[in-house]
Structures are given as C-alpha cells and as structure tokens.
Amino acid sequence: MAHPVDPSPPGHPGGASEGVCPITIFFDGKPISAQPGDTVASALYRCGVRIFSRSFKYHRPRGLLCGSGHCPNCLMTVDGIPNVRTCITRVHDGQKVRHQNATPSLENDWLSVSGFFSWLMPVGFYYKTFTHPLVWRGVEPLIRKVAGLGEVSPEPAADAGSESHPEHGSTGAGPAYAHIFWHTEVAVVGGGPAGLLAALQAARSGGRVVLIDDQPELGGHLRFQGKGRHSGEWVMPDGQDLSGLSGPDLARKMAEQVVKEPRIRVLQDSTCFGLYEGRLLGVLQKLAGGQRTANGSPSAGHSQALERLIYLRTQRLVVATGAYEALPLFENNDLPGVMLRSAAQRLAHLHGVQPGKRAVIVSEQADGGPVAADLKVAGVEIEAVIPRRELVSALGRKHIKGIRTTRGDLACDLLVLEGDRVPDAGLIAQAGGSLRWEEGQRAFLPGEMPPFVTVVGEAAGIQPNPEAPLPGPCSKKTFVCVCEDVTVKDLCDAVQEGFDHIQTLKRYSTVTMGPCQGRMCQLSSIAVCARQTGRAMEQTGTTTSRPPTLPISLGSLAGPRHHPVRRTPLHPCHEALGCTWMDMGDWKRPHHYPAPAAEPGASGHGATPAHTSTSHSHHLPTFVEAEYRAVRERVGIIDVSTLGRLDVRGKDAPKLLDKVYTNRLSDMKLGRVRHAALCDEAGILLDDGTVSRLAEDHYFITTSTGNIEFVQQWLEWWMAGAGWCVHVTNVTGGLAAVNVAGPKARETLAGLTGTSLETAAFPYMNCRQADVGGVPCLMLRIGFVGETGWELHFPAEYGEYLWDLVMKEGQPFGIGAFGVETQRLLRLEKKHVIVGVDTDATSNPMDADMAWVAKLDKEDFIGKAAILRFQARLATGQSERLVGFVMEDDSVPLDGSAVVHGGRPAGRVTSCRFSPSIGRGIGLAWIPSALAHAGRHFSIHVNGQLGQARVTFQPFYDPEGKRLRM
Amino acid sequence: METYQGWEMPREFRPAAEEAAHVRSAAGLCDVSWLVKLDVKGRGWTPASSAGHTLDGTVSRWRLAAGHWLVLARPEGGAGALEGLQAAERQLPCLHVTDVTSVYCALLLAGPRSRDVLEKLTSADVSDSGLPNQGAAQAGLAHVHAAILREDRGPLPAYLLLVRRDVAESVWDAVNEAGGEYGLIPFGFSAAEHLGAGV
C-alpha cells in the first residue's frame, strides 16, 4: 500500500523560488523577511543576527555552531514553544520567534555579568554550596531566574495553537499534540544516502519500511555538498547507476526513488528520540513545519496538531544515523563566528546565505578541502587554512574577530572547523549494542549488535579523525560542554576531587547532560577524563545513552487531551433533574440535586419517625437535608450503576469464591445475599460488596465503584491454573442499577411488580429475579442506607425508562432522588465502612472493626493467616483501630482532621458528617488501640481548636437494624 | 431517529447516499449496538460444534482468546444463535454463554481511511498482517479496553469496535476527533445497509 509523503517546501538550493510569496517572520517582535525553504536560523542569519542564544550559566554569547540540530546554540522560543532548535525548524508566514535566557536582549544581556563571578561557581557548585535546605530555598528563585533555558507557558497548547495557527482562532482550539501507533517490519533511522539505500533494499526485499529523518528533506549530507561529482559508486537496488552525479543531484535522485516506492513510508521532520523495550521506537514528528505549505497555511486534510508522537514498533531496525561533528577544544571555542564545517556548507548551499566575509579554515587538508571551495563560491575570502594543532584560541568578545595560532594572530569573522566526526550511536547503545574504541579512526564504533539491529553508513564507521592536543587543565574558557557551560578546568578539577570515573564525572560536572545529550561534548569529556586519569580511551569508556536522545516537548508525551469519561445509563435522567456532577474516578455521578422549593414531606406524605430530628438543620446544606429526609421519612432513589457487577458461573464457582472472599459463600442458599470482603495475602482489605447466589453454579457479585477491573483480575488470577470450571464475566456496563430505599420503598415498588415484597416472602438479604414495570430485574433486598430497600439491577437500555417509572410510581409517596453526598451521610449513620475511603493500603478487617467479614473457622482463604495474626495483635493493644465517634460539642470536623492525644497527632478522621438523627457530628476515625473503648473520649483538631469526641462501636442510626428488616 | 432492529437508532445524519459515498472514499462511524452479542467461555466448543445452527450470514463468531468466543448476530439470527449455544452449553461439561448485548456498544468504523483513524487510538497492530479480515484483537482503544474485530465490507476496510457501554459515548467522541483529519463522518443505519450490513 502506498503511503503519502509529508510535503516539503520548494527545495532550495540557493534561494527563493520564483513566483513564491516572501515570508515574514517576527523576531522579538521585529519583522524579518525569509525565503521558502529557510530555517528560522538561516533567515535570521541572512538578516544579520549572529548571537542566537546566551549560555546556560555564564550568559556567554552563542552563535550558529552545528546548523544541524545537534547543539544547543540556536534554541529559541518559536510560536510559544520554548527550546526549539531553530536551525532545523522551517519558517512559515507570521511565525513568532523570541530569544530566551537573556535580559533585555541577546546583544546586550545584563545577566552576562555572571561570567565575572565564575570563580564563585566551581564544578560541583550545587553540592558544595547548598548544603542546607534553607540556603537552597533562599537562592533557588534567583538561580531559576538567571540560569536556564526557555520558560514553559502555563498554557502551552493554547499558546502555541493561537500563535502558529491563527486560522484556528485565538482559543487554540483543537488538539495541539497527537499520538499514533504504527507497526512495521523495518524501521530505517536516518535519511542520508546510507539510510535511503537501506530503505530501498528492504522494500525491494518485500518488507514494509518506515524511513525516519529529522531533516526537512531527504539526502543527508549530500544535500549541502558542492556541485562537483560526488565520489564513489552509486548503484541503486533496481540497477540504476547514479555514479558521477553531484551530491545534491544524487540526493534528489535517491529521494525520488524512495518516495516512489510504495512499501516505504517516509517521515520527514521527525526525530527518533529513543528505542524502548519491545523494539518500540519513539518518533516525534513536527507537523507545523512538515505539513505547511510555503506560505504557512496548513495542508488540507491534515491534523491541527503541532507535533505527533509516533509509537513505532518494528521487527528490524536499521541505524543510519550517520555521524556528527563535535566541537574541538581551544580557548573561546564558543564564540559566535566559530562554526562547524557542515553548518557553513548548509548556510551556503541550502539557504544561499554567506556565512561570513573573511574565514579561517581549520582542516588537516592543506587546501581546506571541499569546504574551502564551497566558501569561495559563496563569496567568502579565505584568510588561511591551518591544521588543528596550530589553533590556540579565538579572539573577540561578542563575535570572533580573529584567532591566535602557534604562528601568530589572524584576523577573520568566521572560523570554520572540521570537527571530529562522531558516529551517532545513541540508538545502538539503547538497543543493547556495544561500542568499542577504534584507535585508527579515533572514535567509538559499534561492536556486537543484537540480531534485529543493522548499522550502516557513517554510524558504522568513519574517516579517521586527526589527533589533536588537548588544552591544559587550567583552561577556563575552553568549553567542553556548551549546554551546561562546563570547561576543561571544571573537568580537571572534578577528576582531582575524586570523580575520576566517566559516569561519576558526568553526574558531578553535568557534562553531557544538557539539551545536546553529549553530542558536542561526549568525546571531548572522555578524552579529558582519560588524560587526567592516565587511562586509555577504551578503559575510560562512554557515558550511558538513554532516551530521549534529544529534547522533546512534554505536551507531545502527554498527547491529546482526550480522557475517557464513564456515564451511567441514567445520566440523562440526572441531567434532566439538574443535578450537580462530581467525578468519581472516570465516572460522572450526581453529587446532589437541587433542593425542592417546598418540602414534599411537609404535606403529610408518609410517616416521620419520632427519632428523626431536623432541629440542627443549620449544619446540613439544604439539598442534603431534603434528600436525607426523603430517604429516612418517605422513599429515596439513587443511581448505583457505577457499582461493579460480575457474573460468576461454573460448578467450581463456590470453591473460587470461598478461596478469595473472607466469608463463606459456598453454603449460601439459593436466593440469598451476603456482604463479602476481599483481602490480599497480607490480610489487607481490598474491596467489599455483595454476593448473591442465583443458582448452584451461578453467583452475582457487586464490587465498589471503580474497583471492578481489579476484582475481576483478582478472581481470574486466583483461578488460573486451578483447572476449575468457573468463568467470570464483567457485566457492569450492561446493567443499570438503582437503590430504592425508605419506609415507602415497598409501596413504591409494589405497584410495579407482581413479586411479593413482604418480608415473609422476600426477607432481608435475599434476592429475586423479578419483572418490574415489564423490565427483567434482579432485586437485592439489602441495607444500603439503613432503611428497607431494594437494589434493582436491570438491562442498561431500560435505564431511563425504569427510572422514570419508579419516580412516577413513587410520586404519591414523596419520592426524591439522592446523590452521593447524602448517600455518604446515610451510610455513615449506619457506620458502614467505605473501603478505600475509611481504609487504606495498610488496613485489615480486624483493625477496621470488620472482624465479622472474616470467617476464621473456614478451612482457608486468601489472607487468613495474616488476619489471624492481626487478631492476635488486637489483644495486645498495639495497633490503630477504626472506631465510630460522636462529637460532644456542636463542631463537625472535616474529613482528614487530626486526632490528637497527649498533645501529639495520634490518628485521623476518615469520614465525618452532621447527623440529623442524633443532632451531632458523627464519624469514623483511626485512633490508637488504647483509646478504642466504648465511651472513651479523645480530641480532634477542628478549626484550630480541640473538639471532644466519644468512641462508639454501635451504628449511629437504628443500631439494631430493625428498619432494614421491616 | 427511527426504530431499527428493535432499537432506537439514527437513520441518517445527512442523505444516506451521500453518507455511503463519503464512507467509501474516506471514513465513517456508525452505531451498530443493536447487534446481539453473546460471550462464550469454555473449552471444547468450536463454531463447528454448534451443529444445527445455520451459518446464514446473520451470525459471526470471533475467537478472542483460548476458550473465549464472542458471537455476534443480527436480531433475526440472535435467538437461533442463543438456542444453539444453549444446546451446546447443556452438552459440554463447562461451557457458559452470557448475553452481553447490553454490556457492549458496537461501533462500525469503515472506509479506506479507517485504519489511519484506528492507528491514532490503539497500539494494537491493525495492519493487514497484524489484523487481517475476520481477525479479532483485544486492546486499549482511546484509553479503554476494546475488542477490535475486522469485518471488511467487500473491498472496504471495516472494523467493529466493541467497548463497554459506559465508556461508549467517550469513545464515540474520541473516534470522531481522531478521524477529523481523515474526513470521518458519522453515518446512520441506512447508509450502513448500503455498504453491506455484515454482522
């Protein structure tokens, strides 16, 4: 199947295409003309910008160095996104570019005074200085202000969206980042000649190929070579001989073949930033540049996303990442005007920009090699060509004005360096491949590779690098790491202080830890370490390559804003009642409903229990009080569809449930319901719910909201390998559920079903399959909120219908819907423990006052041994216990309030509400065992004062449970 | 909205012929939750062993895992499918059939760009080799668990996405959002019939 190729702008080389509108970008608010095919950096360079950034620590001026996205020197904020590598970011009309880490401007940065205080900031500065938290707290804001990179916008997506996509509106609507998952047989990383050939060969062999290249156009270094004949034999897999073509022509021809090949999917402007377990490649594709037309408008049909993170699983990986140039070491090697060879060639050939007027070339070739010819063609005067060993330092303050050599000074405004070629081996190391030092080539090259990895091109081997002397240990202005401002002196001092292993040296000095991730400095730092320790390069070894190998945006990792939302089948009913929603995990649940204007109960519907007090209503929100009274005095209905529901079937189901639940469930009679709890092997409470027996081999289980997936997995885990005949099916989504409770619940439901609801026929803790309003229901008679009530589970598609029917039927009895807040109050009055709210990851049934759920006379169950130990510990009084409490005063502590004993925190309140039934604050709290005696008092921290609470082990409402059984 | 297969379903969002043409050239999403869905668990049962049940195009069977099948049926074939399975349930020592029609929503994602849409939502391999026609996979889809069943309509790639009912609205939104760049539209049962209903 053919795959579309991300369109590229009209290719350069050498300037604007005729008939194409010029592009205007804004640099620090100032309009700047750019040409199609320009990068942000090339456009700025053409307009005379020479300082592109200020260094991390000393605010030294930094100019274009690598021109290929491998160094930190050109990082700017583009369209609201910080730390963008402008040398590989294409321009589009209206683009907004801002400098970063400089005040007020890059040319005149006041913060550059920090360079005068470099003596105050030796290597290991943080470790030596911030030895006390107070010092760090005091200084951190200043450091954050002075040092660093770009600033993250509080609204990055909207900011970026509105700046770079004005046509999408200023709200930044639409996702700013996208994710996509691809699978392929072969992934080729690198779009240079070796990568293109490898991709063509793999495709011709029948494989599906994804080719990833971080440049806007394919061809690698061929693109920015001169017009002369490119060396070597170039025969394509189809037999076509391309030998004799110039570099750019060769690149173009090869790219054409790749694009035509239907089995190759090409990703340009895409950075492969890491290889993860399972042969998963992380690829970040820029869409704002890659999918815009020359005038900056997005291509039709493309995503509005700025970046797309591609999760690419591959069977084979071809590493064709090539080699990059590293910065040679000499004094002032970071001055603007010092430029690596490839950067000068890119400017000249790809963008038609003259890199300078008067250049010195550092090369081992007497004539300066191809770059000299390229610069001459671009109109640059060549002042001299010198070998690297003769270079002493660069001269100048904000820009290079000349160089000092062993033979004297030379004036120039451009110093072009042939840096050491370093194979880009990050992916190789992450794949588990080894790197070995090759003295002949003076480089670390791939050794043994995993079978699925192939390395081709310069990543596998390079032309030998020249041997050059390293600067002395006192060189303070010779920068090894331009990201973190680490000098040769810093490294030498660190080794002197004992950090003489390359790994500890890295951590102590932060060398290789900046945005370039060691591209500019790894080889140099290893060389300095080797020299200072007297070890060979091979012995010194390399630092560890970890993903991401290049900076990637946090937004791209986060991805689209979509988050799943779970709605019950009754959702529209609640909306119609105007409920206030709350999030409970992924679920949307009604927190409460609007309070009715007049109390229906006041009109004389139903009975009002004598013990139900409303005299302290000022402690309850009106809506809660109204809902509470409906349930306690008349009839209430709540949507409990969020409960997890499991259908367990099979002749061995009783065995399984006896094994995993603490209760005994195998002896349940048909039609019975039991409360049941799950514990882990350590006796920790995991979940609770009800278990109903529908047939000898058929159980219906409810779990707490949000725990269904866990409970299902827990059951399946414990039945795995047992050979039992039992199957567990999650039927949560298929069932709506309501709980109808209150003194008038029976009357309300009786009109809808032919099943007798009288206690004699349908006792407490029983279940029946029944027809309710024509809908097949499973009715559980359980004490959910402490009143006579039934929980109805029925097919979800009848949800709205049956809700409306029950509401209509209950209207004469004053039925009211109640939400989660009222439910919590009602349950708390019954002293029901909510697992996960009143308990935590250390709670067991014994300490949580739920000993009744554990049938310790049962032969065995998961957690029994631990619960026996907890039982023994209970007698020693050495644990915390969950107890009920009643406030002795009018206060109502908040959930989470501290229990205080002896002037010290001694526990915590897990739930607390004002109880209308007893007119006081009631709750549950974890307190020391020594205090856990009925009637004993303890203190709770309430609004800055201590309130007195009294321990109780009885439910606060209807302690004998008579109302449940009526 | 009209009654279709016993359910209240959208007939069309725009003229059905237009919807069908668009789906054939780009991608579309249709709610086919009216399909009868039966969860079959147990060893020893294979589609061939459900003898007596006619394979007449109204029933399809999908192997989700070892000993775990999903049977989909148009309502007219649903009763027969259930009867056949219940007969097998009685004959085999440990086979259990659960009607999960209400548990799952079924979305039909069809069209030449349907795979592109799907690749934005799931890490499962939905390529021709990873998920060939009549293949089934269980995977995350828009951050929820889903069964992805490939059931092409002739030359038109098509996928049935089965997700739990409580997250279906969220998944519907996610698929529509992901499909925006590929021109995905929602379509009704009328256009679905044009495309070949399948099961």
Side-chain angles (χ1 to χ4, degrees), chain A residues 1 174-175 178-185 208 280 291 301-305 308 310-311 313 559-569 571 586-588 641-642 645 647-652 697-698 708-709 724-736 794-799, chain B residues 6-8 26 33-34 37 39-43 67-68 89 93-105 112-113 115-116 118-131 139-145 163-171 173-174 177-178 180-183:
Chain A
M1 182 180 170
H179 283 182
I180 198 163
F181 305 86
W182 286 353
H183 298 254
T184 189
E185 286 157 8
R208 285 180 297 129
L280 174 68
Q291 299 189 339
H302 275 306
S303 166
Q304 293 180 4
R308 182 160 69 173
I310 301 167
Y311 295 79
R313 284 206 189 270
R561 294 170 196 155
H562 174 77
H563 184 81
V565 174
R566 303 177 76 173
R567 295 180 177 89
T568 76
H571 192 91
D586 293 338
W587 286 102
K588 290 282 180 198
S641 307
T642 57
R645 270 71 57 86
D647 187 75
V648 182
R649 304 177 72 184
K651 67 180 175 61
D652 295 316
D697 62 349
H698 190 183
I708 178 64
E709 281 82 9
W724 290 343
C725 171
V726 54
H727 293 120
V728 178
T729 306
N730 181 352
V731 293
T732 302
L735 297 173
F794 52 98
E797 55 268 29
Y798 297 115
Chain B
W7 294 66
E8 200 177 330
S33 299
W34 46 264
K37 306 156 200 108
D39 185 82
V40 184
K41 286 181 178 145
R43 306 268 172 192
H68 189 187
E89 198 175 15
C94 188
L95 180 76
H96 296 107
V97 183
T98 311
D99 186 343
V100 290
T101 301
S102 304
V103 175
Y104 293 106
C105 276
R113 304 308 301 270
R115 183 186 301 156
D116 296 314
L118 214 45
E119 283 176 335
K120 290 179 73 174
L121 299 165
T122 179
S123 60
D125 185 357
V126 293
S127 64
D128 282 336
S129 56
L131 187 65
L141 179 88
H143 305 296
V144 303
H145 178 264
V163 296
R164 285 194 318 267
R165 184 190 178 100
D166 46 271
V167 292
E169 197 175 331
S170 175
V171 171
D173 290 343
E177 186 177 308
E181 68 176 294
Y182 303 110

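Within every chain, numbering begins at 1; the chains are lettered A, B, ... in the order of the sequence lines, protein sequences first and strands thereafter.
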Enquirer: Hey, could you give me the CG/OG1 distance between Asp166(B) and Thr732(A), rounded to the nearest 0.5 Å?
Expert: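 The OG1 atom of Thr732(A) is 7.5 Å from CG of Asp166(B), to the nearest 0.5 Å.
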Enquirer: Under 4.5 Å from any heavy atom of chain A, what part of Asp39(B) do you find: side chain, backbone, both or neither?
Expert: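 Contact with chain A involves the side chain of Asp39(B) alone.
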Enquirer: NE2/His183(A) to OG/Ser127(B) distance, rounded to the nearest 0.5 angstrom?
Expert: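 Atom-to-atom, His183(A):NE2 and Ser127(B):OG are 7.5 Å apart.
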Enquirer: Would a 4.5 Å heavy-atom cut-off, applied to side chains only, mark Ser129(B) and Arg208(A) as touching?
Expert: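 Result yes, sub-4.5 Å side-chain heavy-atom pair found.
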Enquirer: For Ala124(B), is it the side chain, the backbone, both or neither that has a heavy atom under 4.5 Å from a heavy atom of chain A?
Expert: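 Answer is backbone: N, CA, C or O of Ala124(B) sit under 4.5 Å from chain A.
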Enquirer: Let's test your reading of the structure: which of Trp587(A), Phe181(A), Tyr311(A), Tyr798(A) forms the most heavy-atom pairs below 4.5 Å with chain B?
Expert: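 With the most close heavy-atom pairs to chain B, the winner is Phe181(A).
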Enquirer: Quick one: what part of Val167(B) sits under 4.5 Å from any heavy atom of chain A, side chain, backbone, both or neither?
Expert: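 For Val167(B), the contact with chain A is made by backbone and side chain together.
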Enquirer: Is any side-chain heavy atom of Glu89(B) less than 4.5 Å from a side-chain heavy atom of Arg649(A)?
Expert: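 In short, these two side chains touch, coming nearer than 4.5 Å.
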Enquirer: Between Lys651(A) (side chain) and Cys94(B) (backbone), is there a donor-acceptor pair under 3.5 Å?
Expert: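 A pair under 3.5 Å: no.
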Enquirer: Atom CZ in Arg308(A), atom NZ in Lys120(B): separation rounded to 0.5 Å?
Expert: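 The NZ atom of Lys120(B) is 7.0 Å from CZ of Arg308(A), to the nearest 0.5 Å.
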Enquirer: Ignoring hydrogens and geometry, is there a side-chain-to-backbone donor-acceptor pair from His562(A) to Glu177(B) under 3.5 Å?
Expert: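 Not a single qualifying donor-acceptor pair exists.
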Enquirer: Quick check on Thr122(B) against chain A: is it the side chain, the backbone, both or neither that has a heavy atom closer than 4.5 Å?
Expert: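 Contact with chain A: backbone only.
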Enquirer: Where do Pro564(A) and Ser170(B) come nearest, in terms of heavy atoms and distance?
Expert: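 Nearest heavy atoms, Pro564(A) then Ser170(B): CA-OG, 3.2 Å.
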Enquirer: Taking side chain as everything from C-beta outward and backbone as N, CA, C, O, which of these in His698(A) sits under 4.5 Å from a heavy atom of chain B? Side chain, backbone, both or neither.
Expert: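 His698(A) has no heavy atom closer than 4.5 Å to chain B.
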Enquirer: Which bit of Leu121(B) is near chain A, if near means a heavy-atom gap under 4.5 Å: side chain, backbone, both or neither?
Expert: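 Just its backbone gets close to chain A.
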Enquirer: Arg164(B) side chain to Val731(A) main-chain N or O, any donor-acceptor pair under 3.5 Å?
Expert: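 Side chain of Arg164(B) to backbone of Val731(A), a donor-acceptor pair under 3.5 Å: no, none is there.
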Enquirer: Is there side-chain contact between Val100(B) and Thr729(A), with at least one heavy-atom pair below 4.5 Å?
Expert: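 Yes, their side chains come closer than 4.5 Å.
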Enquirer: Can you sort out the partners of Arg567(A) under salt bridge (charged side-chain N to carboxylate O under 4.0 Å, His left out), two or more places apart, ordered by chain and number?
Expert: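 Per chain and number, Arg567(A) pairs via salt bridge (charged side-chain N to carboxylate O under 4.0 Å, His left out) with Glu169(B).
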Enquirer: If you take all heavy atoms of His96(B) and Cys725(A), which pair is closest and at what distance?
Expert: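 Where His96(B) meets Cys725(A) most closely, the heavy atoms are CE1-SG, 3.8 Å.
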Enquirer: Taking atom NE2 of His179(A) and atom OG of Ser123(B), what is their separation to the nearest 0.5 Å?
Expert: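 Going from the NE2 atom of His179(A) to the OG atom of Ser123(B) covers 12.0 Å.
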